[in-house]
Asker: 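One structure, pasted below without further comment.
No hydrogens, no waters, no symmetry mates; every other heavy atom, side chains included, goes into these values. Quick caveat, the model's predicted, so the values are computed rather than measured. Along the sequence shown, residues carry numbers from 1.
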Amino acid sequence: MNKPETMVSICCVTYNHGKYIAEALEGFLMQKTNFNFEILVGEDCSTDNTRNIVQDYCLKYPGRIRMVTDEVNVGSIKNQVRIFDQAKGKYIAMCDGDDYWVDPLKLQKQVDFMECHEDSVICCHYSRVIDEDGEVVYVHPEPVGLEFAYEDILIGKKEETRICSLMLQNKEAINQISSQEWYHKTFGADTFLKLYALARQNGKIYVLPEVMSVYRLHRNGVWSMIDAKLRKRRMISDFNIMINNFEYSSVYRKKLLNIYIKEFLLFDLRNLNIDKAINTLLTLA
């Protein structure tokens with residue numbers, strides 16, 4: 001079988017990552033593969049020096065790195081969508097501009113796995129988590145291979161599938177998610193991307209038992225350092241988007257109801273979101 005001209009499109013979304021973007025780009029450039037890959041950086045009109053750094057790398061590595069941008073800020077989801085639209089690879093490898101890769105064979109290992117496993121819709125791997133000072137706050141001591149089906153992601157089972165580890169098939173399901181109105185209202189867009197890809201294809205997410213990326217916790221992250229109450233509100237919003245836009249059996253309806261009662265109902269009641277709580281309960285009843 002002939003290899004596609006571009007096997008992997010590395011898609012990097014970045015905004016105000018001036019402290020970190022060079023490390024992300026170096027992680028892309030160090031990849032050793034027996035196939036061609038492209039590097040697409042969605043730069044969303046940062047107010048720091050992120051764009052200048054990306055432009056410098058584009059000049060230093062002509063033809064290897066391409067910046068995708070506009071004159072106005074479009075937000076993280078539209079920024080992601082526009083680089084997906086330009087991705088030519090058979091596979092898409094994702095990594096935000098504040099995270100980075102540490103294994104030069106990461107792409108090769110993931111492609112080799114996916115080429116040998118036809119049911120592999122998404123391939124991930126373990127990540128090391130660090131804080132703003134670069135100190136390790138989490139790394140799994142004994143990585144083992146994992147696999148998740150659609151229903152697993154639906155009920156929140158997604159260990160070690162962080163976006164900086166994610167490689168997925170560049171198929172129609174990926175291109176069509178941008179047409180879903182609900183997708184543009186999500187906060188955990190990567191979770192919905194996994195759900196949507198699995199819902200549209202009969203396959204699984206596999207997690208390779210190796211640490212090959214670093215996920216960074218910092219105060220400007222969408223999830224990592226935000227106020228606990230705001231985080232909970234975002235989680236509840238995403239939960240309701242999910243239960244209203246994805247299919248599930250009666251068995252998983254009950255599981256989702258239990259998740260809402262255990263994790264979110266009390267918060268909604270304490271914050272006087274009575275109507276929202278009732279609507280969620282009725283949806284899952």
Side-chain angles (χ1 to χ4, degrees), residues 8-13 42 76-81 83-85 87 89-96 99 101 106-107 110-111 113-114 117-127 129 140 143 145-209 212-213 215 221-224 234-249 252 255-256 259 263:
V8 177
S9 296
I10 299 172
C11 293
C12 175
V13 170
S76 60
I77 292 179
K78 287 185 178 179
N79 191 14
Q80 180 189 83
V81 165
I83 27 178
F84 281 179
D85 287 343
K90 180 178 179 180
Y91 301 107
I92 288 175
M94 300 176 67
C95 184
D96 288 347
D99 302 324
W101 299 342
K106 167 197 152 65
L107 291 184
Q110 288 184 287
V111 167
F113 183 89
M114 295 187 79
H117 296 78
E118 293 184 0
D119 65 338
S120 180
V121 175
I122 296 173
C123 179
C124 297
H125 52 74
Y126 285 68
S127 302
V129 181
H140 198 289
L146 304 171
E147 61 181 70
F148 303 106
Y150 166 74
E151 291 83 2
D152 295 319
I153 307 300
L154 191 71
I155 60 173
K157 293 179 63 178
K158 53 179 183 176
E159 295 83 0
E160 302 294 344
T161 63
R162 294 179 179 87
I163 197 167
C164 56
S165 78
L166 193 149
M167 178 181 285
L168 67 162
Q169 297 180 20
N170 187 9
K171 289 193 172 182
E172 186 178 1
I174 302 305
N175 297 323
Q176 288 187 349
I177 194 170
S178 63
S179 66
Q180 307 299 316
E181 184 178 350
W182 52 260
Y183 184 61
H184 296 270
K185 300 176 183 178
T186 63
F187 294 100
D190 62 311
T191 296
F192 285 92
L193 183 63
K194 297 166 198 168
L195 265 176
Y196 194 75
L198 291 177
R200 299 294 299 274
Q201 301 173 68
N202 184 25
K204 295 180 179 180
I205 297 177
Y206 287 95
V207 180
L208 304 182
M212 294 191 279
S213 62
Y215 176 81
V222 175
W223 289 104
S224 57
R234 290 181 176 182
M235 292 172 67
I236 293 173
S237 175
D238 278 0
F239 183 84
N240 279 287
I241 289 173
M242 182 182 69
I243 65 173
N244 283 291
N245 292 282
F246 287 86
E247 296 182 358
Y248 37 87
S249 66
Y252 280 90
K255 290 184 179 182
L256 289 166
I259 289 172
E263 298 184 16

Asker: For Gln169 and Gln201, indicate whether the former's side chain and the latter's backbone hold a donor-acceptor pair under 3.5 Å.
Answerer: no
Asker: Go through the steps to decide whether Leu166 and Ile205 satisfy the test side chain to side chain contact (heavy atoms under 4.5 Å, CB included), and finish with yes or no.
Answerer: CA-CA 9 Å; Leu166 193 149; Ile205 297 177; over 6 Å; no
Asker: Between Asn170 and Ala87, which heavy-atom pair has the shortest distance, and what is it?
Answerer: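 Heavy-atom minimum between the residues: ND2-O, 3.3 Å.
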Asker: Any heavy-atom pair between the side chains of Lys106 and Met167 that's under 4.5 Å?
Answerer: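 Not in contact.
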Asker: For the side chain of Trp101 and the backbone of Leu107, is there at least one donor-acceptor N/O pair under 3.5 Å apart?
Answerer: no
Asker: Run Asp96 and Cys164 through side chain to side chain contact (heavy atoms under 4.5 Å, CB included) and show every step you take.
Answerer: CA-CA 6 Å; Asp96 288 347; Cys164 56; over 6 Å; no
Asker: Does the side chain of Val8 come within less than 4.5 Å of Val111's, by heavy atoms?
Answerer: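 They are in side-chain contact.
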Asker: I'd like to check Met94 versus Leu193 (side-chain heavy atoms, cut-off strictly below 4.5 Å). Are they in contact?
Answerer: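 Yes, their side chains come closer than 4.5 Å.
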Asker: Output all residues satisfying side-chain contact (heavy atoms from CB on, under 4.5 Å) with Glu147, sequence neighbours left out; order by chain, then residue number.
Answerer: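 Per chain and number, Glu147 pairs via side-chain contact (heavy atoms from CB on, under 4.5 Å) with Lys204, Tyr206.
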Asker: Are there more than 12 heavy atoms of other residues, nucleotides or ligands under 6.0 Å from atom CG of Asn202?
Answerer: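 It does not: Asn202 CG has 12 such atoms or fewer within range.
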Asker: May I ask you to decide if His125's main-chain N or O and Gln110's side chain share a donor-acceptor pair within less than 3.5 Å?
Answerer: no
Asker: Tell me, please, which residues at least two apart from His184 pass ring pair (Phe, Tyr, Trp, His ring centres under 6.0 Å).
Answerer: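 Listed in chain order: nothing, the list is empty.
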Asker: With rounding to the nearest 0.5 angstrom, report the OG to OH distance, Ser9 to Tyr91.
Answerer: 12.5 Å
Asker: Tell me whether Asp238 contacts the main-chain N or O of Gly188 through its side chain, where contact means a donor paired with an acceptor under 3.5 Å.
Answerer: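 Pair found, side chain donor or acceptor close to backbone of Gly188.
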Asker: Ring-plane angle category for Phe246 and Phe192, please: parallel below 30°, perpendicular beyond 60°, tilted otherwise.
Answerer: tilted
Asker: Rounded to the nearest 0.5 Å, what's the gap from CG on Leu168 to NZ on Lys194? Could you check?
Answerer: 10.5 Å
Asker: Asn79 side chain to Gly42 main-chain N or O, any donor-acceptor pair under 3.5 Å?
Answerer: yes
Asker: Is a donor on one side and an acceptor on the other found under 3.5 Å between the side chain of Asn245 and the backbone of Met242?
Answerer: no
Asker: Given the rule in the side chain to side chain contact (heavy atoms under 4.5 Å, CB included) test, do Tyr126 and Ser165 qualify, once you have shown the distances and angles that lead to the verdict?
Answerer: CA-CA 7 Å; Tyr126 285 68; Ser165 78; over 6 Å; no
Asker: Any salt bridge between Lys157 and Glu159, counting N to O under 4.0 Å?
Answerer: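 Glu159 and Lys157: not salt-bridged.
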Asker: Any idea which heavy atoms bring Leu198 and Gly203 closest together, and the distance?
Answerer: CD2-O, 3.6 Å
Asker: Got Val129 and Arg162 here, is their nearest side-chain heavy-atom distance under 4.5 Å?
Answerer: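 Val129 reaches Arg162 side chain to side chain.
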Asker: Any chance you could measure Ser237, atom OG, to Arg234, atom CZ, to the nearest 0.5 Å?
Answerer: 9.5 Å
Asker: Output, in order, the C-alpha distance, side-chain angles, deciding distance and verdict of side chain to side chain contact (heavy atoms under 4.5 Å, CB included) for Phe113 and Ser120.
Answerer: CA-CA 8 Å; Phe113 183 89; Ser120 180; 4.0 Å; yes
Asker: Would you say Gln80 and Tyr183 are linked by a side-chain donor-acceptor pair, where the criterion is simply a distance under 3.5 Å?
Answerer: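 Side chains of Tyr183 and Gln80: pair found under 3.5 Å.
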Asker: Using every non-hydrogen atom in the two residues, find where Cys12 and Ile83 come nearest and quote the distance to one decimal.
Answerer: O-CD1, 3.7 Å
Asker: Between Thr191 and Lys158, what is the shortest heavy-atom contact and its length?
Answerer: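 Scanning both residues, the minimum pair turns out to be OG1-NZ, 2.7 Å.
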Asker: Rounded to the nearest 0.5 Å, what's the gap from CD on Glu151 to OG on Ser249? Could you check?
Answerer: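 So the CD of Glu151 and the OG of Ser249 are separated by 7.0 Å.
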Asker: If we ignore hydrogens and angles and just use 3.5 Å, is the side chain of Tyr248 paired with the main-chain N or O of Ile243 as donor and acceptor?
Answerer: yes
Asker: Can you measure from OH (Tyr252) to CD1 (Ile259) and round to the nearest 0.5 angstrom?
Answerer: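 It is 10.5 Å, given to the nearest 0.5 Å.
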Asker: Between Tyr150 and Glu247, which heavy-atom pair has the shortest distance, and what is it?
Answerer: OH-O, 2.7 Å
Asker: Answer yes or no: is there a side-chain heavy-atom contact under 4.5 Å between Phe187 and Met235?
Answerer: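 The answer is no, as the side chains (C-beta and beyond) never meet within the 4.5 Å cut-off.
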Asker: Cut-off 3.5 Å, side chains only: do Ser213 and Ser127 have a donor facing an acceptor?
Answerer: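 Per modelled atom types, Ser213 and Ser127 side chains form a pair under 3.5 Å.
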Asker: Rounded to the nearest 0.5 Å, how far does CG of Leu154 lie from CZ of Phe148?
Answerer: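 Atom-to-atom, Phe148:CZ and Leu154:CG are 14.0 Å apart.
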Asker: Grab the two heavy atoms, one from Cys124 and one from Glu160, that are nearest each other, plus how far apart they are.
Answerer: CB-O, 3.7 Å
